[in-house]
There are 2 protein chains.
Amino acid sequence: MSKVATLPEDRRNIVDDIAEYLYREITSMRLLPGTRISETDIAAQFGVSRQPVRDAFRRLESMELILVRPKRATEVRKFSIQAIEKSRFVRASIEAAALRKAAEHCDVAGGFQLDSCIALQQKALAERDFGAFGALDYDFHRAICEIGRVPYAFEVIKAEKEKVDRLCILGLAKEQRMPELIRDHEEIARAIKAGDAEAAVAAGMRHLSRLDDTIAAIRVNSAAYFADDET
Amino acid sequence: MSKVATLPEDRRNIVDDIAEYLYREITSMRLLPGTRISETDIAAQFGVSRQPVRDAFRRLESMELILVRPKRATEVRKFSIQAIEKSRFVRASIEAAALRKAAEHCDVAGGFQLDSCIALQQKALAERDFGAFGALDYDFHRAICEIGRVPYAFEVIKAEKEKVDRLCILGLAKEQRMPELIRDHEEIARAIKAGDAEAAVAAGMRHLSRLDDTIAAIRVNSAAYFADDET
DNA sequence: GTATCCAAACTTGGATACAAGTATTGACTT
DNA sequence: AAGTCAATACTTGTATCCAAGTTTGGATAC
């Protein structure tokens, strides 16, 4: 009875807490790439032993967010040009496939879902609510996957997006680009609703490529956060 | 001096050994889905403490190969219909993008690389060397990624392929289908060399879809290895 | 003043001991 | 004989201790 209710919260280990904390610190760039972190320090900070911290480190290591160097030190992983390239290729490939599926399966309800995302996004921009704007961008891309009946595609997009989003925090003048992004969404929605897969993919790829020069600029301005070669 | 030489082998932890061992056991289906494995047992088997085994378990858990249930037991993860669908969608998406790139960038050397793979594969089939046949299939898809100048794409394909390959070990009559697969490869190579991206993608997708009925059959014949719902 | 070398402090890797929860098996009661 | 309950064995989670290697800083020799 009550066990069923207590189980979910009981499942949350110390490891989960620490891993989630570090994940947020790193992906929000409060912990910068190259920063050294110590199992002992984090353990003391949370008032636990090193063991759960160890497990949390292992989890973040498998997410490629930290670099554990045996007997040496553990540090927040720097950006890798190759990793970014791979991530962007994966996301573009998945997004293209999802767009084709969406153009194929879009119905009236789906079209309305896209339009409603865009309208809310225009509202958020007008109100300068940039947090909501980002969340709605999220929703738009998720809607595409749902319309295409490939909801799992968004899991991949989300994972790849988060990798690059950490990087983009370093960028400037994001607000100026938002109207452009909304126009992209409008174009994508139009193509999907028209069932024109190729136009949807073309618009989608153009949308994604807008990040390229931003990333290139960050790579120059924040070279210290980039690894020299892949380790 | 000698330190530099000893470091690479020193980097190999016990954790790596255990994780690799378990990985091979699971992906080769020597350890069947649902089999319960214990940290203590594996530790005794390797003559080490539970600590490195724990770390190895965490690594395999993040690869979704095992399911660690706190205080209960750890077992080899069963197949999930949803996970298979997702994996196949991801691979198809990446492969389609790689094929387009390959058709765009293929030169004489690239064409020769593809033809040589196919020739060797025909030889392997004639000699009934099925191990070599599988390895060459691997090489063919890697060659496509290299020709398309997206080598990292193969890392994704490889990861997704391994997930499904474990499943396909349960299938039967793989040899009968090999000539069909070679003809697919020939068609793909022809389209790539001709620079016809859409034909290459079409042939590639047809190639991948040959697994669909095999998987459907396995799902019926080996229902015990499939999870009821996603956990 | 500079370079070299050694020692101490800090890092993670691994082993052991204990804690907490679950499943199973046995005895006991009905 | 069947069902219930409790004890026991087994699971993973956490804490602590020791081992091994790297780095860093200071002392010493030149």
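Each chain gets a letter, A, B and so on, in the order the sequences are listed, and its residues count up from 1.
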Q) According to the salt bridge (charged side-chain N to carboxylate O under 4.0 Å, His left out) rule, which pairs have a member within residues 41-54 of chain B, sequence neighbours left out? A)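 As it turns out, the salt bridge (charged side-chain N to carboxylate O under 4.0 Å, His left out) pairs with a partner in residues 41-54 of chain B, which skip direct neighbours, are D55(A)-R54(B), E39(B)-R50(B), E39(B)-R54(B).
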**Q.** Qualifying salt bridge (charged side-chain N to carboxylate O under 4.0 Å, His left out) pairs, either residue in residues 214-226 of chain B, two or more places apart
**A.** none
From [atom1] of [X] over to [atom2] of [N], roughly how many Å is that when rounded to an integer?
| X | N | atom1 | atom2 | result |
| --- | --- | --- | --- | --- |
| F46(A) | dA15(D) | CZ | P | 13 Å |
| I14(A) | dG21(C) | CD1 | P | 13 Å |
| L67(B) | dT12(D) | CG | P | 12 Å |
| R72(B) | dG13(D) | CZ | C1' | 14 Å |
| D55(A) | dT12(C) | CG | P | 14 Å |
| R58(B) | dT14(D) | CZ | C1' | 11 Å |
| K71(A) | dT22(D) | NZ | C1' | 9 Å |

Q.
Reading 5' to 3' and counting Watson-Crick or G-U wobble pairs with both distances under 3.5 Å, write the dot-bracket notation for DNA chain D, | for bases paired outside the strand.
A. ||||||||||||||||||||||||||||||
Please enumerate all residues that pass side-chain contact (heavy atoms from CB on, under 4.5 Å) together with [X], with sequence neighbours excluded.
| X | value |
| --- | --- |
| Y21(A) | E25(A), Q45(A), F46(A) |
| E146(B) | Q113(B), R142(B) |
| D212(A) | R88(A), S209(A) |
| I169(B) | M29(B) |

Looking only at side-chain atoms of [X], point me to the closest of [options].
| X | options | answer |
| --- | --- | --- |
| V15(B) | dG14(C), dT14(D), dG13(C) | dG14(C) |
| Q51(A) | dT12(C), dG14(C), dT14(D) | dT14(D) |
| V68(A) | dA17(C), dA23(C), dG13(C) | dG13(C) |
| R50(B) | dA15(D), dT11(D), dA17(C) | dA17(C) |
| F57(B) | dT12(C), dT12(D), dA15(D) | dT12(D) |

Q | Of residues 34-43 of chain A, the positions that come close to DNA chain C - non-hydrogen atoms, cut-off under 4.0 Å | A |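 The stretch gives I37(A), S38(A), E39(A) as the residues lying under 4.0 Å from the strand, ordered by number.
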Q) OP1, OP2 of dT12(C) versus side-chain N and O of T74(A): anything below 4.0 Å? A) yes
Q. Does OP1 or OP2 of dG13(D) have a side-chain N or O of R54(B) closer than 4.0 Å?
A. yes
**Q.** Electrostatic pair K86(B):E160(B) at N-O distance under 4.0 angstrom
**A.** no
Q. Can you name the residues that form a ring pair (Phe, Tyr, Trp, His ring centres under 6.0 Å) with F133(A), not counting sequence neighbours?
A. none
Q | Lys NZ or Arg CZ of R166(B) over F79(B) ring: under 6.0 Å, within 45° | A |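 Yes, R166(B) and F79(B) form such a contact.
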